[in-house]
Amino acid sequence: MSFSRLHMPTALVARYRAVDRETVGSALADTPRHLDALTVDIGKRGILTPLRLGFNEEFGTLDGNHRIAVAIRLGLDSVPVTLFREPLDPRPGHAQPMLPEDLIVLQAASELEHPS
């Protein structure tokens, strides 16, 4: 199930990235040049496409490794995300262990969007 666009703390979202694009390049793009261009664009217009943060009780996954790298570069306190509840199985290879304190925040955010 997906939820509406929310702003979540950058530090929380960054914990669930597959890689740090500042240190690990991409086979699909000239990562340093792409990050520099994205930094200029996001600095002017903000993050226009929300990051996708999937989560459950065991793990979290992030789609948006370049955008989160730029958010950190720019010192943004929060980033726009779309939250998704992920099934426990199959667990993607890039999934990061869910921290209990993050799960509380993510569950609370999803409950605000879709109260029972």
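What you are looking at is a predicted structure, and each value in this text was computed from that prediction instead of being measured.
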Decide yes or no for [X] and [Y]: does some side-chain heavy atom of the first lie under 4.5 Å from some side-chain heavy atom of the second?
X: Met8; Y: Val105; answer: yes
X: Thr82; Y: Leu51; answer: no
X: Arg15; Y: Gln96; answer: no
X: Tyr16; Y: Asp102; answer: yes
X: His94; Y: Thr61; answer: yes
X: Leu48; Y: Ile42; answer: no
X: Arg52; Y: Phe84; answer: yes
X: Met98; Y: Glu57; answer: no

For this session: Could you check Val79 against Arg67 for side-chain contact (heavy atoms from CB on, under 4.5 Å), going step by step and ending with a plain yes or no?
Result: CA-CA 9 Å; Val79 292; Arg67 285 169 283 160; over 6 Å; no
Exercise. With the 4.5 Å side-chain cut-off for hydrophobic clustering, are Val13 and Leu74 part of the same group?
Worked result: yes
Problem set entry | Single-linkage hydrophobic cluster Phe59~Leu83, side-chain heavy atoms < 4.5 angstrom | no
Exercise. Leu106 and side chain to side chain contact (heavy atoms under 4.5 Å, CB included): which partner among Val81, Asn56, Leu53, Leu99?
Worked result: Leu53
For this session: Consider only side-chain N and O atoms of Thr39 and Arg73, and report whether a donor and an acceptor are under 3.5 Å apart.
Result: yes
For this session: Decide side-chain contact (heavy atoms from CB on, under 4.5 Å) for Ile72 and Thr10; before the verdict, give the C-alpha distance in whole Å, the side-chain angles of both, and the deciding distance to 0.1 Å.
Result: CA-CA 7 Å; Ile72 292 168; Thr10 301; 3.9 Å; yes
For this session: Locate the shortest heavy-atom distance separating Pro92 from Pro90; write the atom from each residue and the value.
Result: CD-O, 3.4 Å
Nearest-0.5 Å distance, [atom1] of residue [X] to [atom2] of residue [Y]:
X: Arg17; Y: Asp63; atom1: CZ; atom2: CG; answer: 14.5 Å
X: Leu103; Y: Ser110; atom1: CG; atom2: OG; answer: 9.0 Å
X: Asn65; Y: Leu62; atom1: CG; atom2: CG; answer: 5.5 Å

